[in-house]
Amino acid sequence: MDPNITIIVLVGLIIGLVKGGIGGPIAGAFILPMLSQTMTVPQAVGISLPLLMVGDVFALRFYWREWDVALLKLMLPSAVVGIVMGTLLLVSLPDQVLRYLLGMFTLGVIAYKLLSDSLKQVQYTSRPWHGYFAGWSSGFTSALANLGGPPITAYLLLQKLQPVAFIGTLTLFFAIVNVLKLPGFLAADIIDLPQLVRIAWVIPVIPLGVWFGRRIIDRLPRVLFERFMMGLLLVAALLLFLG
């Protein structure tokens with residue numbers, strides 16, 4: 001099988017699994033490093049955005065109205081600023097620089113995961129600027145490298161939300177962020193429409209991944225899955241630095 005086809009199938013499946021609730025920022029962070037092995041970073045970001053938006057549609061179906069509106073209102077305005085800044089950098093920086101940045105962001109996801117469990121035990125007093133910063137940093141890294149998960153996830157962990165509200169808020173936040181990224185990406189010609197049409201056959205894999213994720217989320221040994229994904233992320237980061 002063509003390795004490019006294998007990568008596209010895996011990306012579609014991982015997007016579905018992430019939107020179905022498995023892996024979170026750990027699995028999601030693997031999408032762009034995988035794609036960037038066969039194309040430039042801007043191309044990979046552009047191609048993955050419409051696929052993520054397909055996943056958002058199915059994820060919203062599962063978590064409809066389970067979000068925290070107050071937190072979304074706090075985070076989204078600054079996320080718009082981050083999206084604009086991230087998009088401008090994406091179109092202006094050389095591909096090799098973007099690969100180094102992506103490698104550092106990927107290592108940051110690993111560090112986040114190693115520290116995230118301790119966030120649940122932190123004695124924390126919420127401040128509005130925390131939400132502004134989380135929204136900005138998530139919008140920025142999402143536009144630049146589709147890696148907006150760790151900042152917003154860390155912030156929401158500190159809010160001590162109920163699990164369904166946590167996932168629902170995360171789901172709607174990124175559904176909105178991805179829609180907001182689309183006009184800038186189209187205007188900057190980041191999305192290669194002919195290439196997107198060529199890989200459109202992978203779209204049915206995404207809802208399959210969402211369904212599969214929802215089915216096994218309570219059965220999969222999560223620690224084993226996360227350790228496996230962290231190992232893959234480390235390899236992906238090293239390949240980006242070496243590429």
Verify side-chain contact (heavy atoms from CB on, under 4.5 Å) between Val57 and Met53, making sure each step is shown before the conclusion. CA-CA 7 Å; Val57 172; Met53 292 175 70; over 6 Å; no
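- A chain of hydrophobic side-chain contacts below 4.5 Å, direct or via other Ile, Leu, Val, Met, Phe, Trp or Tyr residues, connects Trp129 to Leu156.
- When the side chains of ILVMFWY residues are joined at heavy-atom separations under 4.5 Å, either directly or via intervening members, Leu52 and Val80 end up in a single hydrophobic cluster.
- The shortest heavy-atom contact between Leu196 and Pro50 is CD2-CG, 3.7 Å.
- Annotation: side chain of Val91 is not in contact with side chain of Pro42 (no heavy-atom distance under 4.5 Å).
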Applying side-chain contact (heavy atoms from CB on, under 4.5 Å), run through Ile199 and Ile5 and close with a yes or a no. CA-CA 9 Å; Ile199 67 166; Ile5 294 177; over 6 Å; no
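- With contacts defined as side-chain heavy-atom distances shorter than 4.5 Å, the pair Ile47/Ile191 does not qualify.
- Using a distance-only test at 3.5 Å, with no hydrogens or angles considered, a donor-acceptor pair links the side chain of Ser48 to the main chain of Val45.
- In terms of modelled atom types and a separation under 3.5 Å, the side chain of Gln43 and the main chain of Thr40 share a donor-acceptor contact.
- The side-chain heavy atoms of Thr153 and Phe166, taken from C-beta on, include a pair separated by under 4.5 Å.
- Between Arg65 atom CZ and Leu60 atom CG the span is 12.5 Å, to the nearest 0.5 Å.
- Hydrophobic clustering of Ile, Leu, Val, Met, Phe, Trp and Tyr side chains at less than 4.5 Å, counting indirect connections, unites Met39 with Ile7.
- Residues Ile152 and Ser138 share a closest heavy-atom pair of CB-OG, 3.7 Å.
- In Trp201, the CH2 atom is crowded: over 12 heavy atoms of neighbouring residues, nucleotides or ligands sit closer than 6.0 Å.
- If you chain together hydrophobic residues whose side chains sit under 4.5 Å apart, Val69 and Leu180 fall into the same group.
- A distance of 10.5 Å separates CZ in Phe58 from CG in Leu208, rounded to the nearest 0.5 Å.
- Thr169 places a side-chain N or O within 3.5 Å of a backbone atom of Asp68 that can act as its donor or acceptor partner.
- Closest approach of Gly131 and Ser78 over heavy atoms only: O-OG, 4.1 Å.
- The two residues Leu72 and Pro77 make their nearest non-hydrogen contact at O-CD, 4.4 Å.
- With ring centers used as reference points, Phe140 lies under 6.0 Å from Trp136.
- You'll find the side chain of Ile15 stays beyond 4.5 Å of the side chain of Val54, heavy atoms only.
- Contact between Ser142 and Lys181 at its shortest, heavy atoms only, is OG-NZ, 3.0 Å.
- With a 4.5 Å cut-off on side-chain heavy atoms, Phe174 and Val179 do not count as touching.
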Residues Tyr132, Met75; criterion side-chain contact (heavy atoms from CB on, under 4.5 Å); working and verdict: CA-CA 5 Å; Tyr132 303 150; Met75 298 182 295; over 6 Å; no
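- Atoms CG and OG1, on Asp56 and Thr171 in that order, are 8.0 Å from each other to the nearest 0.5 Å.
- Of all heavy-atom pairs between Val202 and Val9, the closest is CG2-CA, 4.0 Å.
- The CD1 atom of Ile83 sits 12.0 Å away from atom CG of Leu88, with the distance rounded to the nearest 0.5 Å.
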What do the steps show when you test Met85 against Leu89 for side-chain contact (heavy atoms from CB on, under 4.5 Å), and what is the final call? CA-CA 6 Å; Met85 294 175 65; Leu89 276 181; over 6 Å; no
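- To the nearest 0.5 angstrom, Leu186 atom CG is 6.5 Å from Leu193 atom CG.
- Going from atom CD1 of Ile190 over to atom CG of Leu90 covers 4.0 Å, rounded to the nearest 0.5 Å.
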